[in-house]
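Notes follow once the structure below has been shown.
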Number of protein chains: 2
Amino acid sequence: MGKREPEIGRIFHALGDPMRRAIVERLRERPHSVSALAGPLKITLTAVGQHLKVLEEAGLVRTEKLGRVRTVRLDAEGFAVLEAWAAEHKGEWARRLDRLGDLLGGE
Amino acid sequence: MGKREPEIGRIFHALGDPMRRAIVERLRERPHSVSALAGPLKITLTAVGQHLKVLEEAGLVRTEKLGRVRTVRLDAEGFAVLEAWAAEHKGEWARRLDRLGDLLGGE
DNA sequence: TTGATAGTGAAGTGAATGCTTCACTAATGA
DNA sequence: TCATTAGTGAAGCATTCACTTCACTATCAA
């Protein structure tokens, strides 16, 4: 339950929340348990769990439960999808500038 | 009024909405008037205006009003910021893999 | 076995979001 | 001049969201 293939809409929505971005930043250093994430963020374990669900469904985070501890780490998949989208939409500008000549002459 | 420097939180929030992504996709082809955007999307002019405000404040779109027509086009600035963020967070993986050796030995 | 510790699930709450309608202004063109 | 077209602003509404509390399960350690 939870894991889905990363879809750009989910990714943007997931990263649109500052708390979830904070979680991502913490995870860049190293994997954390859910409690370890909750501590400095000053929100409840429950809230963190809800954020993690969103991040996991976006493919940005992967979790694994051993005993009673769930370990959370970043998942490259979602970030790869995001990077691809961003690169394509930014790369568009080169093409757009190429087309500028046409626009100046045409419609 | 409206224009702000692109901030990653605004950008993610703006692109988290499917209707706004649809607007962005339409604008990739060419600039459009507000009405031209509203037509195929089947929402009111007002709603489009609200979306454009969000996109503009995120630095993803730029608008210019001539006479009674507001022309909307993509703004490279927001996309550049997004691409930088995405590249950095994806690029993290190389560094992470480098650090893997440490993790296998240490904490 | 018993008492912490780690996390989950359901339900509720207040705030933010996306959208609409209505009323209005400004430009255009017949 | 007068009807049409393009867009804006305010207000209202239903839905989604982020968060909490409370109750509960599972694991670990003494």
Side-chain angles (χ1 to χ4, degrees), chain A residues 1-4 7-27 30-58 60-73 107, chain B residues 1-4 7-27 30-58 60-73 75 78 107:
Chain A
M1 196 225 292
K3 199 81 192 289
R4 253 158 251 232
E7 184 246 312
I8 198 67
R10 280 182 202 283
I11 292 173
F12 282 132
H13 171 248
L15 293 173
D17 181 78
M19 200 61 92
R20 285 194 287 265
R21 281 199 308 282
I23 290 175
V24 165
E25 293 308 318
R26 299 274 314 286
L27 292 174
R30 82 192 80 83
H32 285 74
S33 70
V34 179
S35 316
L37 287 172
L41 294 177
K42 286 179 184 160
I43 54 176
T44 53
L45 265 192
T46 307
V48 173
Q50 290 165 353
H51 284 308
L52 291 177
K53 188 178 167 225
V54 173
L55 288 167
E56 188 163 17
E57 287 180 350
L60 293 164
V61 136
R62 204 156 26 82
T63 76
E64 187 189 12
K65 192 162 184 175
L66 278 177
R68 60 183 165 171
V69 176
R70 176 172 303 278
T71 299
V72 188
R73 69 196 68 226
E107 198 249 14
Chain B
M1 193 223 294
K3 199 85 191 289
R4 250 158 252 234
E7 185 245 312
I8 198 66
R10 280 181 202 283
I11 293 173
F12 282 132
H13 170 250
L15 293 173
D17 181 78
M19 199 63 90
R20 286 194 286 265
R21 282 200 307 282
I23 290 175
V24 165
E25 294 308 319
R26 298 275 314 286
L27 292 175
R30 84 192 80 82
H32 285 74
S33 70
V34 179
S35 316
L37 287 172
L41 294 177
K42 286 181 185 159
I43 54 176
T44 52
L45 264 192
T46 307
V48 173
Q50 290 165 353
H51 285 308
L52 291 177
K53 188 178 167 226
V54 173
L55 287 167
E56 188 162 18
E57 287 180 350
L60 294 164
V61 136
R62 203 156 27 83
T63 77
E64 186 189 11
K65 193 162 184 176
L66 279 178
R68 59 181 168 175
V69 175
R70 176 171 303 278
T71 299
V72 188
R73 69 195 68 228
D75 184 347
E107 197 247 15

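Proteins get letters first, then strands, A, B, ... in listed order; numbering begins at 1 in each. For clarity, every value in this text was computed on a predicted model and none was experimentally measured.
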Figure out the CG/C1' separation between Leu52(B) and dG9(D), and round it to whole Å.
15 Å
Do Ile8(A) and Arg21(B) pass the side chain to side chain contact (heavy atoms under 4.5 Å, CB included) test, and can you show the C-alpha distance, the side-chain angles, and the key distance before you say yes or no?
CA-CA 10 Å; Ile8(A) 198 67; Arg21(B) 282 200 307 282; 4.1 Å; yes
Proximal nucleotide (of dT20(C), dA6(C), dG18(C)) relative to the Val69(A) side chain
dA6(C)
Length of the line joining Leu45(B):CG and dT8(D):P, which is rounded to integer Å:
8 Å
Quick one: do Leu37(A) and Leu52(A) satisfy side chain to side chain contact (heavy atoms under 4.5 Å, CB included)? Show the steps, please.
CA-CA 10 Å; Leu37(A) 287 172; Leu52(A) 291 177; 4.1 Å; yes
How many Å lie between NZ on Lys65(B) and P on dA26(C), as a whole number?
10 Å
Protein-nucleotide distance (Arg10(B), atom CZ; dA16(C), atom P), rounded to Å:
14 Å
Whole Å only: how far is the NE2 atom of His32(A) from the P atom of dA6(C)?
14 Å
Starting at the 5' end of DNA chain C and moving along, which residue's nearest nucleotide shows up first, Lys42(B) or Arg70(A)?
Arg70(A)
Rounded to the nearest angstrom, tell me the gap between atom CD in Glu64(B) and atom C1' in dA27(C).
16 Å
Which nucleotide wins on minimum distance to the side chain of Ala47(A), given the candidates dT20(D), dT20(C), dC17(D)?
dT20(D)
Between dT20(D) atom P and Met19(A) atom CE, what is the distance in whole Å?
8 Å
Could you check which of dA18(D), dT17(C), dT20(C) has an atom nearest any side-chain atom of Thr44(B)?
dT20(C)
Could you give the CD-to-C1' distance, from Gln50(A) to dT21(D), as a whole number of Å?
12 Å
After noting the C-alpha distance and the side-chain angles of His13(A) and Arg20(A), does the key distance pass the side chain to side chain contact (heavy atoms under 4.5 Å, CB included) rule?
CA-CA 10 Å; His13(A) 171 248; Arg20(A) 285 194 287 265; 3.8 Å; yes
Toward the 5' end of DNA chain D, by each residue's nearest nucleotide, Ile43(A) or Arg68(A)
Ile43(A)
Could you state the interatomic distance from CG (Asp75(B)) to CG (Leu55(B)), rounded to the nearest 0.5 Å?
10.5 Å
Can you check side chain to side chain contact (heavy atoms under 4.5 Å, CB included) on Leu66(A) and Thr71(A), steps first, answer last?
CA-CA 8 Å; Leu66(A) 278 177; Thr71(A) 299; 5.9 Å; no
At 4.0 Å (heavy atoms only), tell me whether Thr46(B) reaches a base, stays on the sugar-phosphate, or touches nothing.
base
